Protein chains: 2
Amino acid sequence: MGLDNNDMNRLDQIIGRRRKVARGANLFRIGDGFQNLYAIRLGHFKTCQVSQDGVEQITGFQMAGELLGMDAISTDLHHCTAVALEDSEVCEIPFGSLQQLLGDMPTLLRHFHRMMSQEITREQSVMLLLGNMQATQRFAAFLINLSSRYEARGYSPHTYQLRMSREEIGNYLGLTIESISRLLSKFKKEGLLRVSNRELELLDPPRLKAIAAGTQTCA
Amino acid sequence: MGLDNNDMNRLDQIIGRRRKVARGANLFRIGDGFQNLYAIRLGHFKTCQVSQDGVEQITGFQMAGELLGMDAISTDLHHCTAVALEDSEVCEIPFGSLQQLLGDMPTLLRHFHRMMSQEITREQSVMLLLGNMQATQRFAAFLINLSSRYEARGYSPHTYQLRMSREEIGNYLGLTIESISRLLSKFKKEGLLRVSNRELELLDPPRLKAIAAGTQTCA
DNA sequence: CGTGAATTTGACTGACATCAACTCAGGTGG
DNA sequence: CCACCTGAGTTGATGTCAGTCAAATTCACG
């Protein structure tokens, strides 16, 4: 169920300019008008919501190959802010043109729907995480999730770099920076991983998965 | 940006049989194959995820006019279970037929995308709620959310019936049944609402909104 | 090196969970 | 009609996990 060459060519034609986004810069902000979806070519992003009292909640971390901006389709306004976690590059996909194309190309349409649907299920699993997992379990699930996403992209699932700060991890997982730090220390002590700054090595993925699944408690 | 009559007629043609779902019955279950989306005609549903260790997390409450099953598009398998909270009625929308129609009908396509996108933003706001709101704020936000949805459907925003148990509310909000009960009592004492069983009357919506927004703390 | 930011670690606190007892409404059968 | 039972909900006492506050340490970078 991939896109064929013809599909890809027609898709390429509507894809707008590549755009570089410097570390820390916004790709779009809450309230911005919606023109484009963005396909991440290079780098990492975070998306965040802001509550009425001004508190920020990170709703996801995105990496190369993922699509940004789908939440804006409903009202033609962006509902979250996307920030580059490192110097990154995206392709603009003008949504108007994409829509026209979708009408002609059932496979592309199907593909697009899958991506939106995937975002829905991703968010549901975060709700599960935030709603009834303990801190240890949340953090293990987070590490495993990154691991499998890197693996799917052909990178090592055991060794990767955290592109986000401890604070951002904490915010995403509904925990404080201190808790994240303690969890890292605990996992290190347990022989589950090796950390040095943002460089991470998972030493015992099966056990980490078991902790994430809740079938093992961790000391 | 509604659908015109012609659109509606063609849509009606593909809409399958109406299906009654008794209180407590499943409309679909995690792992079921995906055939149809479901438009709720009558009644209320909850959707829930189950974590690997068997804990249930309610990811949403849906009412008449809302669409169920969009999370299944990505893998052709349902990722959550939908349960009727009361005797309800849905329309089956065979997704295959819908897709064909979407190719021909740009307005319908646009409408469908908006609905999917809306689900994404809804979930993001739940993440915000679960990630960094206090119990009181979560519950106020929950009540206000229901209120505005009933209002949008032409029902009273001040007086409505809770279709779900205290336990279900707690599960959804990442709290226990006891906490929900205490919050109800607190709000009652504060003169914010009147409750009797599942019958609810919001006495001071502005203040409740302020609490939900985090701009007011509540005693 | 020196300065400020990010992270780690420790002590204490608090919000919500847990445990337990009690109330109440609704249904069932004598 | 009423005694009994059951399940939902309420209320109180206590415990605990993660938050808060504070200080120490390490890191990034001029």
Side-chain angles (χ1 to χ4, degrees), chain A residues 23-24 46 53 55-58 85-87 129-143 161-190 192-200 211 214 217-219, chain B residues 23-24 46 53 55-58 83 85-86 129-143 161-190 192-200 211 214 217-219:
Chain A
R23 175 194 168 95
K46 67 173 173 182
D53 48 332
V55 187
E56 190 176 293
Q57 167 73 36
I58 296 175
L85 294 174
E86 59 188 325
D87 290 348
L129 180 145
L130 292 173
N132 59 37
M133 289 186 187
Q134 304 277 64
T136 308
Q137 203 179 347
R138 290 186 200 184
F139 189 53
F142 172 72
L143 295 175
Q161 214 193 37
L162 295 169
R163 312 302 168 128
M164 63 299 283
S165 69
R166 309 280 193 267
E167 184 165 15
E168 286 164 333
I169 299 173
N171 181 304
Y172 176 62
L173 296 176
L175 300 169
T176 59
I177 181 173
E178 291 96 329
S179 295
I180 299 303
S181 187
R182 279 183 243 273
L183 286 165
L184 272 170
S185 302
K186 185 164 81 166
F187 283 0
K188 224 175 350 182
K189 207 176 299 172
E190 293 278 316
L192 286 164
L193 45 79
R194 202 181 322 224
V195 215
S196 135
N197 299 320
R198 294 188 173 188
E199 209 54 53
L200 200 70
I211 292 169
T217 345
C218 177
Chain B
R23 175 194 168 96
K46 67 173 173 181
D53 49 332
V55 187
E56 191 176 294
Q57 167 73 38
I58 296 175
V83 184
L85 294 174
E86 60 188 324
L129 180 145
L130 292 172
N132 58 39
M133 289 187 188
Q134 303 276 69
T136 309
Q137 203 179 345
R138 290 186 200 184
F139 189 53
F142 172 73
L143 295 175
Q161 217 193 35
L162 296 169
R163 313 301 168 127
M164 64 297 285
S165 69
R166 309 282 193 265
E167 184 165 15
E168 287 164 333
I169 299 173
N171 181 304
Y172 177 63
L173 297 177
L175 300 169
T176 58
I177 180 174
E178 292 96 329
S179 294
I180 300 302
S181 187
R182 279 183 242 274
L183 285 166
L184 272 170
S185 302
K186 186 164 81 166
F187 283 180
K188 224 174 351 182
K189 208 175 299 171
E190 292 278 315
L192 286 164
L193 45 79
R194 204 179 322 224
V195 214
S196 137
N197 299 320
R198 295 187 173 187
E199 210 53 55
L200 200 69
I211 292 169
T217 345
C218 178

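Residue numbering restarts at 1 for every chain, and letters A, B, ... go by the order of the sequence lines. Source: prediction; values computed, not measured.
Whole-Å rounding puts the A:Ile177 CD1 to C:dA5 P distance at 13 Å. Summarising the geometry, the separation between CZ on B:Arg166 and P on C:dT23 is reported as 18 Å, rounded to the nearest angstrom. Distance NZ (B:Lys188) to C1' (D:dG9): 10 Å, rounded to an integer number of Å. The interatomic distance linking A:Lys186 (NZ) with C:dT8 (C1') rounds to 16 Å, in whole Å. Taking atom CD1 of B:Ile180 as the reference point, atom C1' of C:dC16 lies 11 Å away to the nearest angstrom. In this structure, the CG atom of B:Leu183 is 13 Å from the P atom of C:dA15, given to the nearest Å. To the nearest angstrom, P of C:dA17 lies 10 Å from CG of B:Leu173. When the C1' atom of C:dC24 is taken as reference, atom CG of B:Leu184 falls 16 Å away, rounded to whole Å.
Contact annotation for B:Ser181: base contact, defined as any heavy-atom pair under 4.0 Å involving a base atom.
In this structure the side chain of B:Ser179 reaches within 4.5 angstrom of the side chain of B:Thr176, judged on heavy atoms. Side-chain atoms of B:Glu168 and B:Leu85, non-hydrogen and from C-beta on, do get closer than 4.5 Å to each other. Within the 4.5 Å cutoff, no side-chain heavy atoms of A:Glu199 are placed close to those of A:Asn197. A 4.5 Å side-chain heavy-atom check between B:Leu143 and B:Leu192 finds every atom pair outside the cut-off.
Comparing D:dT10, C:dT9, C:dT7 against the side chain of A:Ser185 picks out C:dT9 as the nearest.
Of all heavy-atom pairs spanning A:Ile58 and A:Lys46, the tightest one is CD1-CD, 3.9 Å.
Residue A:Glu167 qualifies as open at atom CD: its count of foreign heavy atoms under 6.0 Å is 12 or below. Counting heavy-atom neighbours within 6.0 Å of B:Arg194 CZ, excluding the residue itself, gives a total of 12 or less.
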Protein proximity profile, nucleotides 16-30 of chain D - base contact B, sugar-phosphate-only contact S, no contact -, cut-off 4.0 Å on heavy atoms:
--SSBB-----S---

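In terms of phosphate contacts, B:Arg198 brings a side-chain nitrogen or oxygen within less than 4.0 Å of OP1 or OP2 of D:dG9.
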